*Asks:* 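Take a look at the following structure, please.
Naming convention: chains lettered A, B, ... in sequence-line order (proteins, then strands); numbering from 1 in each chain. None of the values given here were measured: they were computed from a predicted structure. These numbers come from the heavy atoms of this one structure, side chains and all, not from hydrogens, waters or symmetry mates.
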Amino acid sequence: MTTILQRSFFARSTLQVARDLLGMRLVRLEGEQRLAGLIVETEAYVGEEDLGCHARAGLTPRTQVMYGAAGHAYVYFTYGMHWMFNFVSEAEGFPAAVLLRAVLPTDGLDVMRRRRGRAADSLPPARWTDGPAKLCQALGIDRRCNDLDLCAPGAEIFVESAAPILDASVTIGPRVGLYTVPEPWKSLPWRFRVDNPSLLEA
DNA sequence: GGCCCGATACTCT
DNA sequence: GAGTATCGGGCCC
């Protein structure tokens, strides 16, 4: 039986949440259409002290969602064209989140493939959603999803429990794309990745 | 397979 | 006005 992850799951150490989300199933409901994928890559962004985290600038209109209750979605726009999806973590008032970097499509493949367009041609499903902006495009996630409560009854986006991933199948390393972020933040091993996503049972 | 680059608009200084 | 938690196409192996 599957259960929906509740707020207590997200209201923990961000590193623990990022690790434990691996293998869980992200579900996106669009009316009758169910889109879903197994989470296979995440990154942790933890507090104002973390110079890789948007909250380094403190409380602003953009970052206020990260200061709110755990279990909400923090969705932001970057590079002039891309949306990114995050799970808010930790206690209310402490700004932190887990960036979703990749999923393995399991439900609604036809819709996801169509949304990815030519970039999906001749590639297996795992390659349609192996980047933070790619999966947002495939799942139809944009600014309307910012601050959604993933733990509310009837939520359009939520996470279902699934088979946990063994430590032996997880690679931990530095976060991606923090070119101008100073050490030690740039190199902290706060990225969690399932080694062979395509081997996971869909 | 790899590297380089441009697209594009939002956030905070 | 500068910087950006990226992507895909073009090019060269």
Side-chain angles (χ1 to χ4, degrees), chain A residues 10 13-19 21-22 26 37 39-68 70 72-90 94-105 112-148 150 157 171-194 196-198:
Chain A
F10 298 100
S13 146
T14 307
L15 292 175
Q16 201 65 57
V17 174
R19 165 63 182 86
L21 277 170
L22 295 180
L26 180 73
I39 295 171
V40 293
E41 185 176 339
T42 60
E43 283 177 357
Y45 289 86
V46 189
E48 297 175 349
E49 305 295 311
D50 174 6
L51 296 185
C53 181
H54 289 162
R56 65 185 177 276
L59 181 62
T60 68
R62 178 169 72 156
T63 62
Q64 65 175 340
V65 174
M66 272 201 289
Y67 286 78
H72 282 244
Y74 168 45
V75 178
Y76 69 88
F77 185 75
T78 193
Y79 287 109
M81 64 190 86
H82 298 305
W83 295 98
M84 307 278 159
F85 179 88
N86 303 255
F87 303 92
V88 175
S89 58
E90 309 263 359
F94 184 89
V98 174
L99 171 68
L100 182 60
R101 288 196 57 88
V103 301
L104 178 69
M112 286 195 252
R113 178 179 183 133
R114 187 163 65 246
R115 286 188 178 156
R116 293 286 298 120
R118 293 185 56 110
D121 286 352
S122 73
L123 288 178
R127 300 289 307 282
W128 305 346
T129 50
D130 61 348
K134 296 181 187 182
L135 68 89
C136 283
Q137 185 182 25
L139 293 171
I141 290 170
D142 60 24
R143 76 163 69 250
R144 295 168 311 196
C145 303
N146 189 37
D147 203 25
L148 280 185
L150 313 183
I157 303 177
T171 294
I172 302 177
R175 296 174 291 182
V176 175
L178 306 187
Y179 306 107
T180 64
V181 174
E183 300 290 1
W185 313 106
K186 183 175 182 176
S187 300
L188 289 173
W190 287 2
R191 177 192 191 196
F192 301 85
R193 185 161 60 130
V194 177
N196 293 104
S198 54

*Asks:* Going 5' to 3' along DNA chain B, which nucleotides are the first and last within contact of chain A (any atom under 4.0 Å from a heavy atom)?
*Replies:*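 Contact span on the strand: B:dA7 to B:dC12.
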*Asks:* Under 4.0 Å, heavy atom to any atom of DNA chain C: which of residues 40-59 of chain A qualify?
*Replies:*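 Heavy-atom cutoff 4.0 Å gives A:Y45, A:G52, A:H54.
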*Asks:* At 4.0 Å (heavy atoms only), tell me whether A:M84 reaches a base, stays on the sugar-phosphate, or touches nothing.
*Replies:*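 Sugar-phosphate, no base atom in range.
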*Asks:* OP1 or OP2 of C:dA5 less than 4.0 angstrom from a side-chain nitrogen or oxygen of A:K186, does that happen here?
*Replies:*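 Answer is no, no contact under 4.0 Å.
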*Asks:* Mind running a 4.0 Å heavy-atom check of residues 116-128 of chain A against DNA chain C and sending the residues that fall below it, in number order?
*Replies:*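 Under 4.0 Å from DNA chain C: A:R116, A:A119.
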*Asks:* Within the structure, does a side-chain N or O atom of A:R191 lie under 4.0 Å from either OP1 or OP2 of C:dA5?
*Replies:*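 No, A:R191 has no side-chain N/O under 4.0 Å of OP1/OP2 on C:dA5.
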*Asks:* Heavy atoms under 4.0 Å, any strand shown: does A:Y79 hit a base, just sugar-phosphate, or nothing?
*Replies:*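 Base contact.
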*Asks:* Just call it for A:R62: base, sugar-phosphate, or nothing, with non-hydrogen atoms closer than 4.0 Å on any strand.
*Replies:*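 Sugar-phosphate, no base atom in range.
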*Asks:* Please list, chain by chain and in numerical order, all residues satisfying salt bridge (Lys or Arg N to Asp or Glu O under 4.0 Å) with A:R193, sequence neighbours excluded.
*Replies:*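 In terms of salt bridge (Lys or Arg N to Asp or Glu O under 4.0 Å), with neighbours along the sequence ignored, A:R193 is linked to no residue.
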*Asks:* Which range-with-range stems can be found for DNA chain C when each stem has 3 or more Watson-Crick or G-U pairs in a row and both distances sit under 3.5 Å?
*Replies:*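 Stems (3+ consecutive pairs) listed as B:1-7 with C:6-12, B:9-12 with C:1-4.
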*Asks:* May I ask you to say what A:L178 touches in the nucleic acid, namely base, sugar-phosphate or nothing, with a heavy-atom cut-off under 4.0 Å?
*Replies:*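 A:L178: backbone/sugar contact only, no base atoms under 4.0 Å.
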*Asks:* Ring pair (Phe, Tyr, Trp, His ring centres under 6.0 Å) with A:F77: which residues, sequence neighbours excluded?
*Replies:*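 For A:F77 the ring pair (Phe, Tyr, Trp, His ring centres under 6.0 Å) partners, ignoring immediate neighbours, are A:W83.
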*Asks:* If I take atom CG from residue A:L100 and atom OG1 from residue A:T42, how far apart are they, to the nearest 0.5 angstrom?
*Replies:*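 Answer rounded to 0.5 Å: 8.0 Å.
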